[in-house]
Amino acid sequence: MQVKAAVTHEKGKISIETVELDAPLASEVLVRLIASGVCHTDSAGINQLIPVTLPAIFGHEGVGVVEQVGVGVEGLKPGDRVIMSFPSCGTCSHCVEGHPWACDNLNRLFFDGSFKDGSKRFSQNGNPVSSFFGQGSFSSYVVVDARNAVKVDVRSDEDLAKLCSLGCGVQTGAGAVLNSLQPEPYSSLVVFGAGGVGMAAIMAAKIAGCSKIIAVDVVPSRLQMALDVGATHTVNGKESDAVEEIKKITDGGAHYSVESSGVPALTLQALRCLRREGTCVLVSVTGDAEVAIPLEPLLMNPSVTLMGVTEGGANPQTFIPKLVQYFNEGRLPVDKLIKLYPFEEIEQAFEDSHSGKTVKPILVF
Ligand SMILES: NC(=O)c1ccc[n+]([C@@H]2O[C@H](COP(=O)([O-])OP(=O)(O)OC[C@H]3O[C@@H](n4cnc5c(N)ncnc54)[C@H](O)[C@@H]3O)[C@@H](O)[C@H]2O)c1
Ligand SMILES: [Zn+2]
Ligand SMILES: [Zn+2]
């Protein structure tokens, strides 16, 4: 079938064009897009900081309605509303154990542009076109593996459109807290970087019952929004020494920290602000950046843990329905982060994401 998609033929460029989409194969589904989030990882791909094979269709936070299912698909039927998430192979030891975020084939399935069998579903003039994250959600229709389409119970297509980032950014931030850190009620938690991922971590810390939730950012409007979604304290890292401030607020150091600013050097602050036995989780994607960590005074003597986690340590099939339930109960106010743009205004959406004007742009089809 012919679909309308934003295609990247050369580094840094996108244009909306007509593309061919194959029918779903076994274990795959065809989804009509309602909306797609715009994530920083998409720009990294478009600008070839991640060397995805071009031409490619980016986008990996799509939501929509199932139109057709391939042979052997269980649990999904035409008409189901789905949130699409990251792909995983389903057969490596991590997937078999229910830990798809640690899939051995993650890098290939996220960034190579092809499906598990190495083939592609989009094409143009007979030439294959890559699907980013096995999705390529900057397209009016996509074919995805049924493993990365999660059926959800939402009231309307309008509500579904608000939930795009549950597939990546929100899952990453909320999962870092609820799956990886699992903070005890009344514990203290610091989030470095109040962007889409960090805001979700703040909402999750409130759900978990943390009593002190501290947002660190350098943009006053972000800090204000952090208070709106659950932070109890804010620190402007440009105006004060964040570690000193956090130690004051937490009487000596926080139990937990999340590094989601994307600034590698902040890892040291995220460790220094902890109390003994504290844990820091890193979720920022920073390429091959390196940070020198003084082992004895920073990790050993205070006895703290540093962990890294992809996609919030989440199994999308079980975690996303939980997040939808929190949203329906008003406990995960992700609608406060979004701004809707018609699909045709995709370049404006990216511009507003880069400038920080919009926390989470959503393209509506
Ligand atoms: N690990 C994963 O699976 C995964 C998934 C999605 C996103 N990410 C990564 O998470 C990170 C955050 O993503 P996002 O979409 O929230 O980005 P974002 O740009 O919306 O948020 C980053 C925030 O950090 C703040 N910041 C920048 N410099 C700072 C400083 N020196 N001190 C304090 N705050 C500072 C910015 O003002 C902004 O609010 C990115 O690195 C992204 O690539 C990871
Ligand atoms: Zn796997
Ligand atoms: Zn993403």
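As the structure lists them, so they are numbered: ligands from 1, and atoms in each ligand from 1.
More than 12 heavy atoms of other shown residues, nucleotides or ligands fall within 6.0 angstrom of atom CD in E329. The environment of CD in E277 is sparse: at most 12 heavy-atom neighbours from other residues, nucleotides or ligands sit within 6.0 Å.
Judged purely by atom type and a 3.5 angstrom limit, D217 uses its side chain to pair as donor or acceptor with the backbone of A194.
Rounding to 10°, one obtains 140° for the angle at the Zn ion (ligand 3) between SG (C168) and SG (C39). Rounding to 10 degrees, one finds that the Zn ion (ligand 2) sits at the corner of an angle of 110° between C95 SG and C103 SG.
Looking only at N/O/S atoms, H60 comes nearest to the Zn ion (ligand 3) through NE2.
Taking hydrophobic clusters as Ile, Leu, Val, Met, Phe, Trp and Tyr residues chained together by side-chain heavy-atom distances below 4.5 Å, L21 shares a cluster with F58.
Residue contact annotation: H40 places no N/O/S atom under 2.8 Å from the Zn ion (ligand 3). Taking 2.8 Å as the threshold, H94 does not count as a candidate ligand of the Zn ion (ligand 2), since none of its N, O or S atoms lies below it.
Using bins of under 30°, 30° to 60° and over 60° for the plane-to-plane angle, the ring pair F133/F111 lands in the perpendicular bin.
With L271 as the fixed residue, the side chain to side chain contact (heavy atoms under 4.5 Å, CB included) test singles out one of L266, I293, V291: I293. Each of R121, K116, R147, Q68 was compared with E28 under the side chain to side chain donor-acceptor pair (under 3.5 Å) criterion, and only R121 meets it.
In this structure, ligand 1 sits under 4.0 Å from heavy atoms belonging to H40, C168, T172, G193, A194, G195, G196, V197, V216, D217, V218, V219, R222, S260, S261, G262, V263, L266, V283, S284, V285, V309, T310, E311.
In plain terms, the two heavy atoms of I214 and I249 that are nearest each other are CD1-CG2, 3.8 Å.
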